[in-house]
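Working notes, beginning with the structure itself.
Below, chain A is the first sequence line, B the second, and so on; all start at residue 1.
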Amino acid sequence: MSISPTGSRGSSKDDVLAQRQRIRHSAAHVMADAVVSFFPGAKLTHGPPTEEGFYYDIELPRPLTPEDLVRIEEKMREIVAADAPFVCSEVSREEAKRQFAGNPYKLETIDDIPAGERITTYSHGAFTDLCEGPHVQRVGEIKAFKLLNVAGAYWRGDEHKAMLQRIYGTGFESKDALERHLTMLEEAAKRDHRKLGRELELFIFDPVAPASPFFLPKGALVYNELVAYVRGLNTLHGYQEVITPQIFSTDLWKRSGHYDNYIENMFLVDVDEREFGIKPMNCPSHAVMYASRMHSYRDLPVRYADFARLHRYERSGVTHGLTRVRSFAQDDAHLFCRPDQIQQEITVFLKQFAETYKMFGFGEISIRLSLRPEKRVGTDAMWDAAEEALERALTSNGLAFAVAPGEGAFYGPKLDFLVKDAIGREWQMGTLQLDYSLPERFELEYVAEDGSRVRPVVIHRAWLGSIERFMGILIEHTGGALPLWLSPVQAVVIPIADRHIPYADGVAQQMGAAGLRARVDGRSERMNLKIREAQVQKTPYMLVVGDKEQEAQAVAVRLRTGENQGARPVAEVVGEMQTLARERR
RNA sequence: GCCACAGUAGCUCAGUGGUAGAGCAGCUGUUUCGUAAACAGCAGGUCGUCGGUUCAAUCCCGACCUGUGGCUCCA
């Protein structure tokens, strides 16, 4: 698996990508030109190319409608057809300010350009924009583009500043490339886990519990298989599973710091004139458990694993299917370590992580190392040691990573593992965080070799992260064709006529006895329909049984790939499926 | 939370200021069938909720709820 960003690309691919960026950046200008022609009062702010296309954030007198987008796109075609050249001009700071005097956003941008740096404008036709480029030579090079949607976006990404209208579009060097991109988006929409979750009868949502999944029997099965898998890993790596309460007096949250830092994201309940909070995280309860007895340096690390359900009051508008929910669980664990054990624990975690994600078939994972934020606890020496420990662990395991300065938690630096969903949005899956605050707040100790009391360090970690989110992303990556070991129904036995039902039942029983999940489709329907439905449900094995198979103690095997393997002995198929299940494939 | 959009049968969707329709799914019957949808019939909806306008509202207006795409947030 390449766990890192892909290495150097061929130069011709680089050329294509660079040209695409220029096309998209230029398309953003053309779009701005078109918008201004309809709304002379429009104030342009910022319009960059992106990995997928481009956008422009604009202050407008009224919200744009879909019809506006159509008009803007038409106007853009006219502008592109005119094929004006892009002209770059270097201007003085004063000149730039004069040119953009009516636009406070541009003035702010100009003020932010460091002294001594070139200030340039790019023009095509009568339209000029403050911009550092680069652009295509002529507008006509924008061979294919499409406006996609309008969204709100804050100026400078600050929710306390003005909300602008962001128009998204995409552009390519050819109509063909644009078509391929649009087709890809359509295909991605078919893999949307929210759609597949309903179609495969895995889970539902209901307004009675907003953003909280209800796992149907099949979804619960997948969920429980994932948990069972992690339980196995936990045993392997010396974790002890614990069970902790859901609801705690706010005394606990005050002590842990959540009350000060996280209260708007917690569900609170008042009972008996006391205030309680439903837990958004397991760490404080694990600290309480750790503190309930004495610990020797010999007993560390203490590794508490917990699959408890967590609740976070996510602001409306941020939730999304299974990937951002209000009710979820993590394959959570807290490791109470001596400082000298940190390195080793991280390494073990990383090795298992790589193996796990390879098994699930996640090829492209980005790792983010988030370093000390402004607001933090602990000494600089602690942070130096912690950041160094994480970085060293990554390097010594040969893992590439991106550094995110200032993005760490207030209690320690963290490693996040991100995977993309079907349409390229990145989601944090696994995580590993060093914590120097929790042991302090809960006065955690162990007795060192010399009899002194020492503070342990806590490592928060999860391989899968949220089980819900992991399942959602896995569904998108597999298009719903979950590996056999996770498939709710691993085989459907399809009797051709009613007289074959007893034999089919026997086959299913054999499979059940072998620990496999098989069911018989004994409805009085045609075989074609049964195959179609098993296919739509992405059932790994379809086992057709008729006179010939019954005679030969065989099943005719059809895989969900469409491959028809013909009649095979039942025992052989059972053995094959058991191997797949055992090897988690 | 902010901006925009959406909500009609279990699902996908059509439709109208005069109280609704299709396909699939469901149920019943017939069919017993060889690798992606047999045939027929039946049933199914206070058109998201609450208010307002109107002789009359699923349709127009408002608020709320839920969802979708972004933004912000994810200590």
(request) Within residues 540-560 of chain A, find the residues that approach RNA chain B with a heavy atom at under 4.0 Å, and present them sorted by residue number. (result) A:Val544, A:Gly546, A:Asp547, A:Lys548, A:Glu549, A:Ala556, A:Arg558

(message) Distance criterion of 3.5 Å, no angle test: do you see the side chain of A:Asn528 paired donor-to-acceptor with the base of B:U35?
(response) no

(request) Kindly confirm or rule out a cation-pi arrangement of A:Arg461 over A:Trp463, judged by NZ or CZ under 6.0 Å from the six-membered ring centre and within 45° of its axis? (result) yes

(request) Kindly say if A:Arg499 contacts the phosphate of B:C33, meaning a side-chain N or O under 4.0 Å from OP1 or OP2. (result) yes

(message) If you go through the side-chain atoms of A:Ser524, does one of them form a donor-acceptor pair with the base of B:U31 closer than 3.5 Å?
(response) yes

(request) Let me know which of A:Glu59, A:His160, A:Glu108 forms a side chain to side chain donor-acceptor pair (under 3.5 Å) with A:Trp155. (result) A:Glu108

(request) Answer yes or no: does a side-chain N or O of A:Arg425 lie under 4.0 Å from OP1 or OP2 of B:G70? (result) yes

(message) Quick check with a 6.0 Å cut-off and a 45 degree axis cone: is A:Lys254 positioned over the face of A:Tyr259's six-membered ring?
(response) yes

(message) One thing to verify: whether A:Glu74 and A:Arg71 come together as a salt bridge, which I'm taking to mean a side-chain N less than 4.0 angstrom from a carboxylate O.
(response) no

(request) Indicate whether OP1 or OP2 belonging to B:U12 is found under 4.0 Å from a side-chain N or O atom of A:Arg198. (result) yes

(message) Is it the case that the base of B:G1 and the side chain of A:Tyr154 share a donor-acceptor contact (distance under 3.5 Å, atom types as modelled)?
(response) yes

(message) On RNA chain B, compare the nucleotides closest to A:Asp158 and A:Cys283; which residue's is nearer the 5' end?
(response) A:Asp158

(message) Using whole Å, what does the distance between atom C1' of nucleotide B:G29 and atom CD of A:Glu525 come to?
(response) 12 Å

(message) Are there runs of at least three consecutive Watson-Crick or G-U pairs touching RNA chain B, with each pair's two distances under 3.5 angstrom? Give them by first number.
(response) B:1-7 with B:65-71, B:10-13 with B:21-24, B:26-30 with B:38-42, B:48-52 with B:60-64

(message) I want to check one thing: is the phosphate of B:G70, taken as OP1 and OP2, less than 4.0 Å away from some side-chain N or O of A:Arg324?
(response) no

(request) Mind listing the residues from residues 402-412 of chain A sitting with a heavy atom below 4.0 Å of RNA chain B? Number order is fine. (result) A:Phe410, A:Tyr411

(request) Give a yes/no on whether any side-chain N or O of A:His320 is located under 4.0 angstrom from OP1 or OP2 of B:G69. (result) yes

(message) Nearest whole Å is fine: how far is B:C71 C1' from A:Ile167 CD1?
(response) 15 Å

(request) Validate the cation-pi geometry between A:Arg326 and A:Tyr313: distance from NZ or CZ to the six-membered ring centre under 6.0 Å, angle to the ring axis within 45°. (result) yes

(request) Cation-pi check, A:Arg166 to A:Tyr55: give yes when NZ or CZ is under 6.0 Å from the six-membered ring centre and within 45° of the ring axis, no otherwise. (result) yes

(message) I'd like to know if A:Arg315 reaches the base of B:C71 with its side chain, counting only an N/O donor and acceptor under 3.5 Å.
(response) no

